[in-house]
Amino acid sequence: MLERFLKQTSFKDLDDFRKNYKLIVPDNFNFGYDIIDAWAEEQPNKLAMIWTNDKGREIKFTFADIKRETDKTASYFQSLGIGKDDKVMLILKRHYEFWFSIVALHKIGAVAIPATHLLTKKDVVYRNNAASTKAIVCCGDSDILDHVMASKPESPTLQYIISVGPNVPEGCEDFHKGLDNAKPFTRPANVNTNDDLMLLYFTSGTSGEPKMVAHTFTYPLGHIVTAAYWHNLTPESIHITVADTGWGKCAWGKIYGQWIVGACLFVYDHEKFTPSDLLEMICKYKVTSFCAPPTIYRFLIREDLSKYDLSNLKYLTTAGEALNSAVFDTMKKITGLSIMEGFGQTETTMTIGTFPWMKPKPGSMGLPNPAYDIDLITAEGRSAEEGEEGEIIIRTKNYPYGLFKEYYRAPEKNAEAFTDNHTVYHTGDVAWRDEDGYFWFVGRTDDVIKSSGYRIGPFEVESALMTHPAVVECAVTGVPDPIRGKVVKATIVLGKDYTPSEELIKEIQNHVKKVTAPYKYPRIIEFVDELPKTISGKIRRKDIRKQDEAKAQQK
């Protein structure tokens with residue numbers, strides 16, 4: 001399959017990859033027809049997905065199965081009047097109906113809006129009205145249905161709520177009955193062009209109201225690098241990415257690039273994350289490739305991994321936040337495998353990564369994806385020198401496949417993100433580059449702390465804090481200070497065996513002074529039960545800063 005989209009599919013080293021990675025983009029590319037149906041025709045019995053849940057159910061889907069079910073789903077959606085350009089929200093956790101629905105929407109030219117099951121009524125209303133949502137396909141759990149049903153009176157464009165069960169209350173369509181009664185599917189005459197919208201993601205809202213990130217029908221092709229040359233997958237791979245289908249990470253690791261390569265997806269549908277259960281699933285189903293955010297790895301290494309046969313695991317990757325070196329070292333010692341980092345955004349595919357031909361540097365994002373023209377620029381607008389911090393930007397003169405088209409219905413946000421006549425996209429992330437060209441994450445542009453003339457990135461302090469055994473989670477922010485401008489503050493969640501005390505504060509401060517440059521240590525430490533987070537689990541440092549500002553004004 002890869003040879004249809006790449007002039008060269010295998011590379012002997014990094015230099016070869018950089019020089020010869022060239023994408024072939026068909027006219028009117030459609031993932032549903034050009035990937036799913038193509039696999040179903042060529043290798044109908046090839047395993048596409050192993051789905052299991054925490055109640056013991058198991059279903060194996062071949063590509064022929066996926067084609068059949070997505071055709072039925074597409075026909076059912078058409079019977080409701082859903083078609084080209086219509087917006088359909090998917091709130092489906094890790095249920096297999098997600099894959100039926102999203103591919104079906106691609107096949108009829110509609111726009112999919114993946115969303116997390118943690119949305120409240122207010123969140124759903126906001127998204128419905130921002131995107132003009134026509135239908136919602138959701139889990140039939142009462143807590144999810146209650147929020148979705150309550151959103152309808154305040155959502156003028158919302159016509160259908162479709163439940164996949166177990167509950168299908170009055171006022172909802174029954175997804176599975178719809179599939180049972182679906183007529184044979186006929187492909188529409190004009191499904192899409194390459195520039196049509198295929199996917200809308202709402203950002204997690206770490207710095208304001210969520211924005212709508214709009215991707216076109218060519219977006220899946222940008223994930224060839226993600227799957228084939230970062231996850232290092234082949235048609236023989238069994239791959240799991242630990243992510244809810246409502247997160248952008250699902251598009252990275254649970255559908256597009258993986259199925260283009262022909263790998264088998266492993267999906268573990270569970271209500272509550274339990275490290276031991278996940279490890280048992282990896283062993284039982286002989287998973288070969290594993291991708292998860294560093295937080296998941298931190299939980300896994302707290303287990304007794306000697307009890308699990310992880311011999312089938314061949315490759316480990318991580319993204320979502322920068323990796324602490326302590327986690328890398330522990331996982332390497334236990335499994336013998338290096339964790340290969342990657343970096344990107346909801347707006348992009350994997351833009352910077354540690355590829356198979358590279359030696360990983362724990363904590364480094366890696367090197368730029370050759371499909372993107374990436375640079376670091378200083379506040380003055382020049383390219384940053386070696387060791388100098390700068391914002392990660394993507395030059396868009398030759399617009400890369402995988403980069404989003406726009407922030408939907410937000411011209412002012414587009415004007416902020418795209419400058420120089422739309423030839424530069426600003427990621428808002430700060431990094432520095434070492435002597436080997438590796439990129440090292442510093443923080444978001446608004447998270448960097450300026451103290452006594454020093455620029456301090458929150459991640460490097462957080463990494464130092466995480467090496468102390470008392471620290472389970474932490475967030476580093478700047479607090480206004482009349483002398484230094486700002487001082488470093490650490491907001492910390494402690495392990496269950498530790499209690500807050502002045503002695504522990506001193507111990508943690510001294511520990512950070514030894515692990516990193518002494519001037520970076522947190523002069524203020526606050527212990528909390530939990531950190532403020534977005535619905536996708538990202539820490540909202542902005543909320544901590546606001547709380548501190550409010551406290552300062554009260555003094």
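These numbers come from a predicted model, not from an experiment.
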Restricting to ring pair (Phe, Tyr, Trp, His ring centres under 6.0 Å), what partner residues turn up for Y285, sequence neighbours left out?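 Expected list: F266.
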
Contacts of type salt bridge (charged side-chain N to carboxylate O under 4.0 Å, His left out), residue E280, not counting sequence neighbours: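 So E280 forms no salt bridge (charged side-chain N to carboxylate O under 4.0 Å, His left out) with any residue.
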
With sequence neighbours excluded, what pairs up with R409 under the salt bridge (charged side-chain N to carboxylate O under 4.0 Å, His left out) test?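 Applying salt bridge (charged side-chain N to carboxylate O under 4.0 Å, His left out) to R409 gives none.
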
Would you list the pairs meeting salt bridge (charged side-chain N to carboxylate O under 4.0 Å, His left out) in which at least one residue belongs to residues 238-249, sequence neighbours left out?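 Passing the test, one end in residues 238-249: no pairs.
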
For residues 99-115, pull every pair meeting salt bridge (charged side-chain N to carboxylate O under 4.0 Å, His left out), keeping only residues two or more places apart or in separate chains.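 Those involving residues 99-115 are D37-K107, D71-K107.
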
Kindly list each side-chain donor-acceptor pair under 3.5 angstrom involving residues 85-98, sequence neighbours excluded, with atom names and distances?
{"unit_1": "D86", "atom_1": "OD2", "unit_2": "G83", "atom_2": "N", "d": "2.8"}
{"unit_1": "D86", "atom_1": "OD2", "unit_2": "K134", "atom_2": "NZ", "d": "3.2"}
{"unit_1": "K87", "atom_1": "NZ", "unit_2": "D85", "atom_2": "O", "d": "3.1"}
{"unit_1": "K87", "atom_1": "NZ", "unit_2": "Y408", "atom_2": "OH", "d": "3.3"}
{"unit_1": "K93", "atom_1": "NZ", "unit_2": "D141", "atom_2": "OD2", "d": "2.8"}
{"unit_1": "K93", "atom_1": "NZ", "unit_2": "E271", "atom_2": "OE1", "d": "2.9"}
{"unit_1": "K93", "atom_1": "NZ", "unit_2": "E271", "atom_2": "OE2", "d": "3.2"}
{"unit_1": "R94", "atom_1": "NE", "unit_2": "A243", "atom_2": "O", "d": "3.4"}
{"unit_1": "H95", "atom_1": "ND1", "unit_2": "D269", "atom_2": "OD2", "d": "2.6"}
{"unit_1": "E97", "atom_1": "OE2", "unit_2": "H176", "atom_2": "NE2", "d": "2.8"}

Quick one: does NZ or CZ of K211 land under 6.0 Å from the six-membered ring centre of Y407, within 45 degrees of the ring axis?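 Here K211 passes the 6.0 Å and 45° test against Y407.
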
Can you tell me which residue pairs pass the ring-ring contact (aromatic ring centres under 6.0 Å, His included) test with a partner in residues 106-160, sequence neighbours excluded?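 The answer is H106-Y256.
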
side-chain contact (heavy atoms from CB on, under 4.5 Å) with T157: which residues, sequence neighbours excluded?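 T157 satisfies side-chain contact (heavy atoms from CB on, under 4.5 Å) with S132 once adjacent residues are dropped.
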
Residues which pass side-chain contact (heavy atoms from CB on, under 4.5 Å) with R68, listed by chain and number, not counting sequence neighbours: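 In terms of side-chain contact (heavy atoms from CB on, under 4.5 Å), with neighbours along the sequence ignored, R68 is linked to D65, K72.
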
Return the set of residues passing side chain to side chain donor-acceptor pair (under 3.5 Å) with [X] (not counting sequence neighbours), or none when no residue passes.
X    : answer
T354 : none
K84  : D196
T467 : H511

F343 vs F441 aromatic rings, parallel, tilted or perpendicular, using cut-offs 30° and 60°?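 F343 and F441: tilted rings.
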
Cationic N near anionic O, under 4.0 Å, R545 to D447: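 So R545 pairs with D447 through a salt bridge.
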
Answer yes when E154 and K122 have at least one side-chain N-carboxylate O distance shorter than 4.0 Å, and no when they do not.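 Not counted as a salt bridge, because no side-chain N and carboxylate O are separated by less than 4.0 Å.
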
